[in-house]
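Reviewing the structure listed below.
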Number of protein chains: 2
Amino acid sequence: MSAREGKDGRAAVRTITDLARLAGVSPGTVSRALAGKSLVNTRTREKIEALAREHGFRPNQMASGLRRQKTGVIGVVIPLGHDIRQQISDSFFMTLLGFLADELTTHGYDLMLRRVVPGDDADWLDRFIGSGMIDGVIVIGQSDQFERIEEVADGYRPMVVWGNHQEGQRHCVVGTDNRLGGRLAAERLIAGGARRIAFLGDTGPMEFAARFAGAQDVAARMGLPPVLALSTHLSPDRASEEIARHLAQHGRAIDGIFAATDTLAALCLTELRAQGLSVPDDVKLVGFDDLPIARQTIPPLTTVRQDIAAGARGLVDLLLRRLGGETTESLVLPPELTVRETA
Amino acid sequence: MSAREGKDGRAAVRTITDLARLAGVSPGTVSRALAGKSLVNTRTREKIEALAREHGFRPNQMASGLRRQKTGVIGVVIPLGHDIRQQISDSFFMTLLGFLADELTTHGYDLMLRRVVPGDDADWLDRFIGSGMIDGVIVIGQSDQFERIEEVADGYRPMVVWGNHQEGQRHCVVGTDNRLGGRLAAERLIAGGARRIAFLGDTGPMEFAARFAGAQDVAARMGLPPVLALSTHLSPDRASEEIARHLAQHGRAIDGIFAATDTLAALCLTELRAQGLSVPDDVKLVGFDDLPIARQTIPPLTTVRQDIAAGARGLVDLLLRRLGGETTESLVLPPELTVRETA
DNA sequence: GACTCATTTGCAAACGTTTGCAAGATTCCT
DNA sequence: AGGAATCTTGCAAACGTTTGCAAATGAGTC
């Protein structure tokens with residue numbers, strides 16, 4: 001069986017021209033028939049469609065893309081700026097990615113995934129865009145690349161970013177109101193009686209910085225001492241010991257912890273228990289994200305919920321509108337406090 | 001500023017021909033220079049490279065792909081056969097996906113992600129392959145599509161599948177020895193004193209069926225009653241109540257549970273506690289996967305570890321070898337019992 | 001300086017589709 | 001039956017690269 005033959009031994013029909021020969025028409029007609037254009041006679045179309053089905057023919061997307069100057073592919077890129085190892089397997093991003101895949105598929109687009117380490121090449125975004133392989137790009141997380149993204153946004157329209165919204169920024173962003181989320185968290189801690197509050201997590205990434213700032217807002221407004229920033233990495237292995245160290249040092253001096261993510265909160269819960277501190281009696285704890293794990297900790301985690309599905313829908317919706325030439329505003333989603341038992 | 005101009009106002013150089021004009025050479029020479037072929041004079045090459053850098057030029061991948069008949073893209077497809085909602089956000093698959101992205105990037109390939117619901121179209125795999133957009137495909141999980149995959153494998157070489165290995169199968173698969181994993185789990189339960197063992201999870205998917213079978217092997221060998229299959233869905237919401245129901249019915253009659261995944265095990269732990277059964281005293285519990293969550297349950301979960309990173313490396317390695325024309329055997333990875341505190 | 005041989009370049013034909021244009025085939029009037 | 005109007009179709013030129021072939025250039029040898 002030669003490479004030119006299908007498994008049944010007949011000559012394989014790989015191109016639109018092959019199919020045209022079989023149907024006794026010109027390639028142009030086949031193209032039109034398969035594209036479902038109205039200009040082709042119904043009987044001809046049906047014959048061609050039948051033949052295509054029979055031979056399992058599918059037009060080559062590369063050729064089509066080249067000719068039409070669009071590919072039907074949306075790039076999704078995850079810049080790993082802050083904390084290389086963890087970020088990607090981070091449940092939050094991964095869940096978002098899942099929803100994105102669904103949402104894009106629904107709209108007839110394919111998804112090209114790329115992880116980049118911006119430190120290695122400053123060019124990461126232009127490279128992706130300039131490849132000609134994608135019609136638009138969704139950036140998941142601004143990481144430490146805010147400026148780079150701003151620059152690109154000036155010259156490239158079909159881009160939407162998941163992340164934090166900043167006054168006056170030029171790129172179109174979809175994301176939760178992190179600062180408000182931080183306020184909700186801090187308010188809950190304080191309402192439960194906490195007075196000396198700590199923020200657990202790296203305040204480098206903008207999303208986290210905003211959550212931290214939100215908590216600060218509330219502490220200041222209530223006349224409490226400033227929120228203590230306990231910096232950690234995101235990867236569970238390193239975070240665990242860092243949390244243990246922080247708690248050993250400050251554990252007795254604080255009575256409320258706002259963790260930057262549920263993942264950190266869950267680790268923190270474990271360490272708190274290990275150090276003999278009870279939650280929520282000795283220390284109150286609020287997480288962020290409302291990942292599945294939040295229901296499964298003991299006690300179940302009070303957390304600030306992000307609507308990931310809505311985020312994915314928003315990203316895709318805005319991107320498609322931009323592809324259509326519209327100018328779009330950023331979309332800021334409201335976080336929601338989900339009260340369980342840790343605060 | 002017209003669409004033809006870059007942000008600095010100079011005419012944008014979008015094609016290799018534009019660049020050729022600038023450099024005063026022919027397009028062919030530019031192509032060769034940029035491809036790093038040896039046939040071009042060093043001085044010419046340097047001039048062209050400098051120009052390309054200066055104008056941020058990148059050759060169009062679609063055109064290149066069309067001409068060379070290869071795209072530099074590997075398709076990754078997740079068939080959602082058994083349990084639509086959960087499977088994709090399942091941490092295991094997502095973690096594997098992350099490692100795959102890294103591994104493919106390292107080898108200079110891009111990753112195109114597609115989720116499909118095979119029920120909707122029987123054609124899912126051929127469609128992806130026939131699109132002409134990908135050089136090869138990695139299927140994550142056989143789901144209930146074993147036969148479909150076998151058929152395709154007969155006529156399409158560059159495909160590797162993550163899943164369970166079956167005697168005599170025709171497609172190249174990478175996966176953990178699930179049956180052995182099942183045996184390890186059951187042996188551990190029995191060594192701890194369990195006599196009446198249950199398997200928690202859907203036994204439909206082949207991977208799970210093999211895990212179940214492994215546990216059966218051991219029970220039979222030891223002369224214990226057959227393992228009780230407690231069927232559940234994978235999505236946390238439905239699984240929780242199903243587990244509760246199972247435990248209410250059989251909870252007191254069993255003393256060892258082997259959960260199909262860590263996610264199920266974690267849910268099960270919660271339900272066991274809710275029903276007043278203590279782990280590991282009343283009931284012993286072993287999970288599967290060794291996801292991060294396994295360390296964070298209380299008590300921490302004894303589980304059967306799959307080496308996800310090694311799996312991703314294996315998948316990519318075999319796929320590249322197949323792209324190179326080699327014939328490859330399937331790769332079966334050994335699972336490893338990770339003992340913590342639930343069994 | 002005439003010759004060979006090795007390097008470096010340009011030319012033009014692909015890769016498989018889509019699509020504007022014009023020609024050919026139908027239909028519908030009158 | 002003649003013509004206008006409408007449908008269908010074919011032709012051929014793109015889309016932006018890569019690459020075999022041959023021409024041109026340069027270096028080296030006698």
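Below, read A as the first sequence line, B as the second, and so on, with proteins coming before strands; counting in each chain starts at 1.
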Main-chain N/O of [Y] paired to [X] side chain as donor or acceptor, under 3.5 Å:
| X | Y | answer |
| --- | --- | --- |
| B:Glu103 | B:Arg313 | no |
| B:Arg115 | A:Gly98 | yes |
| A:Asp18 | A:Arg14 | yes |
| B:Gln142 | B:Val161 | no |

For B:Glu326, look at atom CD and say whether over 12 heavy atoms of other residues, nucleotides or ligands are found less than 6.0 Å away.
yes
In whole Å, what is the span from the [atom1] atom of [X] to the [atom2] atom of [N]?
| X | N | atom1 | atom2 | result |
| --- | --- | --- | --- | --- |
| A:Lys70 | C:dT17 | NZ | C1' | 15 Å |
| B:Arg43 | D:dT25 | CZ | C1' | 14 Å |
| B:Met133 | C:dC15 | CE | C1' | 15 Å |
| B:Leu39 | D:dA23 | CG | P | 18 Å |
| B:Arg68 | D:dG16 | CZ | P | 18 Å |
| B:Ile16 | D:dT19 | CD1 | P | 11 Å |
| B:Arg45 | C:dT7 | CZ | P | 14 Å |
| B:Met62 | C:dT18 | CE | P | 13 Å |

Tell me whether the side-chain N/O atoms of [X] come closer than 4.0 Å to OP1 or OP2 in [N].
| X | N | answer |
| --- | --- | --- |
| A:Thr44 | D:dT9 | yes |
| B:Ser26 | C:dG10 | yes |
| B:Arg32 | D:dT19 | no |
| A:Arg67 | C:dG16 | no |
| A:Ser31 | C:dT17 | no |
| B:Thr29 | C:dG10 | yes |
| B:Thr15 | D:dG16 | no |
| B:Gln69 | C:dG16 | yes |

Ignoring the backbone of B:Ser64, work out which of D:dT18, C:dT18, C:dG16 is nearest its side chain.
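Given the options D:dT18, C:dT18, C:dG16, the side chain of B:Ser64 is closest to D:dT18.
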Mapping B:Asn41 and A:Ala63 to their closest nucleotides on DNA chain C, which lands nearer the 5' end?
B:Asn41
